[in-house]
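Encoded as structure tokens, the structure appears first; notes follow it.
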Amino acid sequence: MSTTVTGTIQHRDIGTGAWALVTDDGVTYELPRSTDKKLLKSGQIAKVTGKVRDDIMTAAMIGPVLEVKSFEVINSD
């Protein structure tokens, strides 16, 4: 099942670093390192469609992993 969320991309200095999408509601999703590099820009606002993976654990453990299928950049700093 896919989900679509809008939020701000953040880089977290945890371990070797982690990428997150933080929604306006304050929900944090961890983005895998395999995510398109065009999305992984800190401060960028994007609408992301993907699958929440409850079968994956990460070292950062900052939130559920959101496997990105597609995205639309809304605002880039």
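Contact annotation: the side chain of Arg53 never approaches that of Thr58 to less than 4.5 Å [non-hydrogen atoms, C-beta and beyond]. By the 4.5 Å heavy-atom criterion applied to side chains, Leu40 and Leu31 are counted as neighbours. Counting only heavy atoms from C-beta outward, the side chains of Glu30 and Ile14 never approach each other to under 4.5 Å. The shortest side-chain heavy-atom distance between Lys47 and Thr4 falls under the 4.5 Å cut-off. Residues Thr28 and Arg12 meet the side-chain proximity criterion, which asks for heavy atoms closer than 4.5 Å. Within the 4.5 Å cutoff, no side-chain heavy atoms of Trp19 are placed close to those of Thr35. A heavy-atom distance below 4.5 Å is not found between the side chains of Leu39 and Leu21.
Scanning both residues, Lys38 and Gln44, for their nearest heavy atoms gives O-NE2, 3.1 Å. Minimum heavy-atom separation, Pro32 to Leu66: CD-O, 3.2 Å. Of all heavy-atom pairs spanning Ser2 and Thr49, the tightest one is OG-CG2, 4.1 Å.
Between the side chain of Asp25 and the main chain of Val27, no donor-acceptor pair closer than 3.5 Å is present.
Between Tyr29 and the options Val48, Val65, Val22, Val52, a side-chain contact (heavy atoms from CB on, under 4.5 Å) holds for only Val52.
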